[in-house]
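As a basis for the values below, the full set of heavy atoms in this structure was taken, side chains included, without hydrogen atoms, waters or symmetry mates. Just so we're on the same page: letters track the sequence lines, and every chain starts at 1.
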Number of protein chains: 2
Amino acid sequence: MSDYGEPGRTPDRLKGRPSWLLGRAAARSAALLREGFAEHGGGLRGYHYRLLAALEQWGPASQAELGRDTGIDRSDVTAALLELESLGLVEREVDSANRRRKIVSMTPSGADRLRSLDAVLDGIQESLLAPLTPAQRGQFTAILARIADQPRE
Amino acid sequence: MSDYGEPGRTPDRLKGRPSWLLGRAAARSAALLREGFAEHGGGLRGYHYRLLAALEQWGPASQAELGRDTGIDRSDVTAALLELESLGLVEREVDSANRRRKIVSMTPSGADRLRSLDAVLDGIQESLLAPLTPAQRGQFTAILARIADQPRE
DNA sequence: ACTTCATGTTGGCACGGCCAACGGTGTATG
DNA sequence: CATACACCGTTGGCCGTGCCAACATGAAGT
């Protein structure tokens, strides 16, 4: 989807299916995040935000812990942390009491950046939920949570 | 997200945000689709289903039309159609009255396949909406539609 | 001691979403 | 008519997210 101008119609087979709508809505959300982070996020991505959020909330943690809390694969955690580290937003040191671990902690500069990303995120929620009444927003979030938290059967 | 066992907790910053929940829910949906299509879909992907759906509904069309109707980029349409063609699910021929176009039509075999993919898709909706009451399903779909159809400001 | 497991890292793949550029073709304008 | 413009299919590339396999290291359990 891009390039050519008008969106065109949508096949009925897709139009009514929740999975299709879900995908489209998520695509919109992802696009907003991409644009927002590109403009006001210093080139960071969703992965970075997730990691900083976990660090802010629970303090220093090992990479494996971070992965579990953010739903990011260990390998991807490594890559994203390297980037955060090179930006001075995060520091890593081997756990002296468990030398296979690396304890990651957020720098003050990282905390600042997190707060500015928060603002971007909040703006995205607004754009996303714009067409909804406050009551609908509540319903929507609640229902979404039930679907998202479903056990992976 | 994989490998390591337990999911772990989720930062509050993410937990409540619609954009986060939307992404997670969509990820679940995508995973179900991937698994379902891998098992009962003959190795086809979402793109293929979208294209077949458009062809079934409106009959033969040019690739650009298909792209507009399915929300797939021209280049990706080309690739997906090549695959569908090599599977005998679709045929292409240059429009004699407009030689820059290629008119794509679905073969009977393609129609059969579409119907079998429909079944997979229906199963996915069920898994996805399982935790919801019928009333909630309606609300959810309606709200989702409003969000998904929002104009790209 | 030996096995088993967790950790971080590397390197790879899939999928959806995009964009740029090109050659070929049609249409509209000068 | 010639020229510019817009469209079409194709190629080739990039990104972000979600995964998986394999490996070396270190720790824990037997």
Once you build an axis from the first five pairs and another from the last five of the helix from C:dA1-D:dT30 to C:dG30-D:dC1, how far apart in angle are they, to 10 degrees? 10°
Side chains of [X] and [Y], heavy atoms from C-beta outward: is any pair under 4.5 Å?
{"X": "B:L55", "Y": "B:V104", "answer": "yes"}
{"X": "B:S29", "Y": "A:W20", "answer": "no"}
{"X": "A:L84", "Y": "A:L52", "answer": "yes"}

Between A:R101 and A:L82, who's closer to the 5' end of DNA chain C by nearest nucleotide?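 Looking at DNA chain C, the more 5' nearest nucleotide goes with A:R101.
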Could you tell me how far apart [X] ([atom1]) and [N] ([atom2]) are, to the nearest whole angstrom?
{"X": "A:I72", "N": "C:dT9", "atom1": "CD1", "atom2": "P", "value": "15 Å"}
{"X": "B:D73", "N": "D:dC14", "atom1": "CG", "atom2": "P", "value": "16 Å"}
{"X": "A:L32", "N": "D:dG16", "atom1": "CG", "atom2": "P", "value": "16 Å"}
{"X": "B:L33", "N": "C:dG17", "atom1": "CG", "atom2": "P", "value": "11 Å"}
{"X": "A:Y49", "N": "D:dG16", "atom1": "OH", "atom2": "P", "value": "18 Å"}
{"X": "B:E65", "N": "D:dG9", "atom1": "CD", "atom2": "P", "value": "9 Å"}
{"X": "A:H48", "N": "D:dC15", "atom1": "NE2", "atom2": "P", "value": "13 Å"}
{"X": "A:R92", "N": "C:dT7", "atom1": "CZ", "atom2": "C1'", "value": "12 Å"}

Quick test of your reading: applying salt bridge (Lys or Arg N to Asp or Glu O under 4.0 Å), list the pairs with at least one residue in residues 52-61 of chain A, sequence neighbours left out, ordered by first then second residue.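 Every pair satisfying salt bridge (Lys or Arg N to Asp or Glu O under 4.0 Å) with a residue in residues 52-61 of chain A: A:E56-B:R13.
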Does anything in residues 87-106 of chain B form a salt bridge (Lys or Arg N to Asp or Glu O under 4.0 Å)? List the pairs, not counting sequence neighbours. B:E85-B:R92
Rounded to the nearest 0.5 Å, how far does [atom2] of [Y] lie from [atom1] of [X]?
{"X": "A:T70", "Y": "B:R9", "atom1": "OG1", "atom2": "CZ", "answer": "11.0 Å"}
{"X": "A:L144", "Y": "A:L22", "atom1": "CG", "atom2": "CG", "answer": "7.0 Å"}
{"X": "A:M106", "Y": "A:D112", "atom1": "CE", "atom2": "CG", "answer": "9.5 Å"}

Side chain of B:A64 only, heavy atoms from C-beta on: which candidate in D:dT11, D:dC8, C:dG16 is closest? D:dC8
Are [X] and [N] close enough that a side-chain N or O sits under 4.0 Å from OP1 or OP2?
{"X": "A:Q63", "N": "C:dA6", "value": "no"}
{"X": "A:R24", "N": "C:dG17", "value": "yes"}
{"X": "B:R74", "N": "C:dC22", "value": "no"}
{"X": "B:R68", "N": "D:dC8", "value": "yes"}

Could you list the residues that satisfy salt bridge (charged side-chain N to carboxylate O under 4.0 Å, His left out) with B:R137, not counting sequence neighbours?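 Once residues adjacent in sequence are excluded, the partners of B:R137 under the salt bridge (charged side-chain N to carboxylate O under 4.0 Å, His left out) criterion are B:E126.
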With a 4.0 Å cut-off, would you call A:R17 and B:D118 a salt bridge?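 Yes.
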Treat each ILVMFWY residue as a node, draw an edge where side-chain heavy atoms are under 4.5 Å apart, and state whether B:Y47 and B:L87 are in one component.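 Yes, B:Y47 and B:L87 fall within the same hydrophobic cluster.
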If two hydrophobic side chains count as joined below 4.5 Å and joins carry through other members, does A:L51 share a cluster with A:I103?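 As far as the 4.5 Å side-chain criterion goes, A:I103 and A:L51 are not connected within one cluster.
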Give me, pair by pair, the N or O atoms of the protein and of nucleotides 12-15 of chain C that are less than 3.5 Å apart, along with how far apart they are.
none

Collect all protein-nucleotide pairs involving nucleotides 25-29 of chain C in which both atoms are nitrogen or oxygen and the distance is under 3.5 Å.
from: C:dT25; atom 1: O2; to: B:R100; atom 2: NH1; distance (Å): 3.0
from: C:dG26; atom 1: OP1; to: B:R99; atom 2: N; distance (Å): 2.6

